[in-house]
Amino acid sequence: MASSSEVGGSSADYETMMSTSDVELLKRAWRNEKAAPEILQYEGALVERAKEQIELVEETIEDYVENGKDPLLVSLYQMDLDRTQFLLRSYLRVRLLKIEKFMFHNLKSEEAERRLSEQERVFATKCADDLAKHFEETVLLKLPENYQSVLKQSQISEVDDMVPQPHLDTFVVCRSNNFVSLNLYEEGESPETVEMERGDLYFIRYKIVKGAIESGQIDLI
Amino acid sequence: MAGQTDPHISLFSPQEVEFMAEDELVEIVPNMNMEQLNFISGDFGRFIPQIPTKVPLWLAVALKRRGKCSFRPPGWMSVDNLTQILEAERESQSTFQALPFSYVEIARLLFDHAHDDIPDKYMVRSLVEDIRDVRLHKLETNLGSFQGTSAVKISNVSAMEVNIVRPFVRRALEAFYKHDKPEADIDRDTRSSRQQREANNEPRRPLRQR
């Protein structure tokens with residue numbers, strides 16, 4: 001059931017990839033999602049696989065119970081199932097929380113929109129529409145004309161300043177899986193780098209490690 | 001409810017940290033026969049009496065509670081090792097000794113459910129508590145000496161400890177960063193007299209007292 005398999009391959013990456021079970025991947029995705037200030041890429045394939053495995057185990061448990069198999073065994077399988085279900089549910093819930101929090105931003109920004117799953121996108125659009133309608137009916141239509149936009153403070157605003165954006169400058173705790181060297185400051189400023197060995201823990205600004213998280217080199221804790 | 005930790009207090013609740021620690025492998029000695037378990041999280045078993053085997057912590061605790069196995073305490077939990085670590089922790093003001101990332105959770109679960117499998121359990125327990133105290137105290141004092149930087153290295157801090165200091169450190173570092181950043185555009189000469197400027201020259205500072 002677990003997709004863990006043989007040891008082999010020369011580089012640590014290959015080994016880690018081959019021997020990481022779906023549950024570990026899900027745990028990693030859950031942890032990263034919880035710790036990151038913005039929404040991360042939806043792990044569609046992982047979620048699908050996890051759902052399948054969960055359904056399979058649920059059926060197996062039902063079989064076992066009907067056939068009167070050792071109740072200890074059944075309860076252990078049930079525990080494993082509960083743990084995996086918790087991970088999956090929590091992962092999806094955290095994402096929903098973030099979608100609700102940054103609703104308008106997620107729909108506006110293409111990058112963020114790409115990270116949502118199909119259902120999440122539907123949810124987000126409907127939610128945003130409802131919220132916009134609610135604002136308009138209760139408050140905005142009663143304001144003078146220049147101030148009636150949901151997204152902008154007034155007609156003269158150049159940017160959508162009524163849209164809360166995720167704080168990418170938040171500090172997060174991360175651990176690196178490989179040796180990685182990162183540019184500490186943004187383009188144009190002094191290029192200081194920080195080098196992380198495998199297994200080091202760092203408090204660091206999210207923006208700096210964002211790319212490395214997506215590529216899997218760094219985990220959030 | 002799953003996933004409803006209040007993000008303003010702390011990202012992860014202690015229970016969630018424990019949940020993550022429960023996947024760590026520990027060694028048990030079963031006292032019964034059981035077939036291999038094909039879990040979603042992996043395959044474990046077969047279980048043969050008196051033959052030690054490695055299982056995740058949550059499984060080990062479940063089996064122990066039903067009286068189906070006994071624990072082999074992990075190597076780092078011996079009185080000798082812990083005494084050594086405690087002394088080393090007390091000596092150094094700025095570095096932390098290498099301990100398993102989830103040592104707090106593992107120790108706590110073992111004490112709760114398997115204390116009869118631990119030799120010198122009272123000694124071990126008091127050592128672990130002392131180590132926890134020393135480390136937490138060290139963390140607190142080191143927090144007072146923060147400068148504003150973009151990255152702070154914390155080596156060998158365990159999961160629970162990270163979770164405890166995380167909210168404070170986040171806000172502190174964010175405040176530093178917020179106040180540091182606009183000053184980079186202002187006259188650089190006035191910087192030298194201000195303490196915070198030290199930080200920008202050492203972007204990576206280990207947690208150290210001045």
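Here is how names work: the chains are called A, B, and so on, in the same order as the sequence lines, proteins then strands, and each is numbered from 1.
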Exercise for the section: Would you mind checking which part of B:Glu35 comes under 4.5 Å of any heavy atom in chain A, side chain (CB onward), backbone (N, CA, C, O), both or neither? Expected result: side chain
Practice task
Assess B:Arg170 against A:Phe203: is NZ or CZ under 6.0 Å from the centre of the six-membered ring, and within 45 degrees of the ring's axis?
Solution key: no
Problem - Ring-face cation of A:Arg175 near B:Phe101 (centre distance under 6.0 Å, axis angle within 45°) - result: yes
Fill in the blank from the handout: Highest number of heavy-atom pairs under 4.5 Å with chain B among A:Gln85, A:Met79, A:His167 belongs to A:Met79
Handout entry: Top contributor to chain B contacts, counting heavy-atom pairs under 4.5 Å, from A:Val173, A:Val172, A:Thr170
Key = A:Thr170
Exercise for the section: Find the distance between CG (A:Leu76) and CG (B:Leu59) and round it off to the nearest 0.5 Å. Expected result: 5.5 Å
Just wondering, are more than 12 heavy atoms of other shown residues or ligands nearer than 6.0 Å to [atom1] in [X]?
X: A:Arg121; atom1: CZ; result: yes
X: B:Arg66; atom1: CZ; result: yes
X: B:His137; atom1: NE2; result: no
X: A:Glu214; atom1: CD; result: yes

Practice task
State, yes or no, whether a side-chain contact exists between A:Glu24 and B:Asp23 at a heavy-atom distance under 4.5 Å.
Solution key: no
Practice task
Would you please test B:Ile40 and A:Asp22 for side chain to side chain contact (heavy atoms under 4.5 Å, CB included) and show each step?
Solution key: CA-CA 8 Å; B:Ile40 305 180; A:Asp22 273 347; 5.6 Å; no
Under a 3.5 Å distance rule, please check whether [X] uses its side chain to pair with a backbone N or O of [Y] as donor and acceptor.
X: A:Arg83; Y: B:Ser41; answer: no
X: A:Tyr77; Y: B:Leu37; answer: no
X: A:Asp169; Y: B:Glu174; answer: no
X: A:Lys27; Y: B:Met20; answer: yes
X: B:Arg166; Y: A:Ile221; answer: yes

Problem - Test: A:Arg31 and B:Glu16 ion pair at under 4.0 Å - result: no
Under 4.5 Å from a heavy atom of chain B, the part of [X] involved:
X: A:Thr84; value: side chain
X: A:Leu92; value: neither
X: A:Leu96; value: neither

Practice task
For residues A:Asp80 and B:Phe39, report the shortest heavy-atom separation together with the two atoms involved.
Solution key: OD2-CB, 3.2 Å
Fill in the blank from the handout: Heavy atoms of B:Val162 and A:Leu201 approach each other most closely as CG2-CD1, 4.4 Å
Problem - Chi angles and distances behind the side chain to side chain contact (heavy atoms under 4.5 Å, CB included) call for A:Arg205, B:Leu173 - result: CA-CA 9 Å; A:Arg205 252 189 313 136; B:Leu173 285 176; over 6 Å; no
